Structures are given as structure tokens and as C-alpha cells.
**Q** 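I have a structure here, written as C-alpha cells, and I will follow up with some questions on it.
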Amino acid sequence: MTAGPVLRPATPADLAHLAVLLHDAWHDAHRDHLPPALLAARGPAYVEGWVRELLPGTVVAERAGALLGLVAVRDDEVHQLMVAAPARGTGVADTLLAAAEDRIAAAGHATAWLTVLAPNDRARRFYARRGWLDRGPEQVAAVVPGSAPALLAVHRYEKSLGRG
């Protein structure tokens, strides 16, 4: 039996690897659901800056020195949860989401939230299985440099942490 991943806070030394992981996983998860201009705007340079901004709230999962996934928390929000392709379906996402929930509760929040693109049924099923409640549709604006923001249909999910 393979041991579970080791979780630890992300460090500046992880930036390059996390940028590749986030770029690849984010594009895999969103390519069929987002406008081409937004996908193009989220290239490697953009993602590198994004990872740098998220680093203080990011936890990584690794095994044998290989980064398997990341979860980034901002206040009471699970902002990003991404798993490298070879680690998908292995429980890494479950482990990272539990770590995010613990981190949000430890910061004193009783409820956590996140958004999922409306057409991303796979992600929506994942969060529902983990006890997250769909609070309904919303629209969010995503910045697209050089053009108007892209309005995205998302669902807001919330989870009572029973703590905090």
C-alpha cells in the first residue's frame, strides 16, 4: 500500500514547480468551460505571478519529493485546489481539501466557501461528496488583459466547519 502524501506549507523554492502544476491542472480543468481569450491570458507568466501571490496561503502535497497538488486558502475561501495529472484519483484532492478546511477553521471561520464553474460537473460532484452545499449560481468577472472582463457562471459552495 502506498503511503499518503506529505502535506507542508509551500515555500519560495516551490514557485517554479507550483507554477507549472497550477498552469497545467488549471487549463486541464477549465479548457472546455472558459472563453479562449481567458485561457490564453492565463499563460505561464500570469500563473507564475498568481502562484507568488497565493504562496502564503498554499499547502502542497508531495510524495518522494514530487509535488502532487496544491490548495490555496484566502481568509475563509478555498481559492484553488489543483492536483497534478498523475495524482488524480488517488485521494490527494481529498487530503488537500481537508487541510484547507482545517486551516480555515483554525483561523476562526465557522464556514468555508469556494466557487466552481457551472459546467464543471466533475468538480461539483467532488465537492458535494465532501459535504459542501451548493448555494446556487452567481456570476463573477475574470480579468482578461486588453479586453472587457469575462463574466463567468459559477456555483458558490459552502461548508459548515463545525468549528471556529
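Just so it is clear, the model here is predicted, and its values are computed rather than measured.
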**Q** More than 12 heavy atoms of other residues, nucleotides or ligands under 6.0 Å from CD of Glu158: is that the case?
**A** yes
**Q** Once rounded to the nearest 0.5 Å, what's the spacing between atom CG of Leu68 and atom CG of Leu96?
**A** 8.5 Å
**Q** Tell me, do Val59 and Arg103 make a side-chain contact under 4.5 Å, heavy atoms counted?
**A** yes
**Q** Does NZ or CZ of Arg156 come closer than 6.0 Å to the centre of the six-membered ring of Trp113, within 45° of the ring's axis?
**A** yes
**Q** Less than 4.5 Å apart, side chain to side chain, heavy atoms only: is that true for Phe126 and Leu81?
**A** yes
**Q** How close do Asp75 and Val73 get, heavy atom to heavy atom, and via which atoms?
**A** O-CG1, 3.5 Å
**Q** Do Leu22 and Leu70 have side chains that get closer than 4.5 Å, going by heavy atoms?
**A** yes
**Q** Quick one: pull up CZ in Arg52 and CG in Leu15 and give me the separation to the nearest 0.5 Å.
**A** 5.0 Å
**Q** Which residue pairs pass the side-chain hydrogen bond (donor to acceptor under 3.5 Å, both in side chains) test when at least one of the two sits in residues 80-89, sequence neighbours left out?
**A** Asp28-Arg88
**Q** For the atom pair OH (Tyr46) and CG (Leu38), what is the distance rounded to the nearest 0.5 Å?
**A** 8.0 Å
**Q** So does His30 have more than 12 non-hydrogen atoms from other groups sitting under 6.0 Å from NE2?
**A** yes
**Q** Any salt bridge between Lys159 and Asp76, counting N to O under 4.0 Å?
**A** no
**Q** I need the His23 NE2 to Leu18 CG distance, nearest 0.5 Å.
**A** 14.5 Å
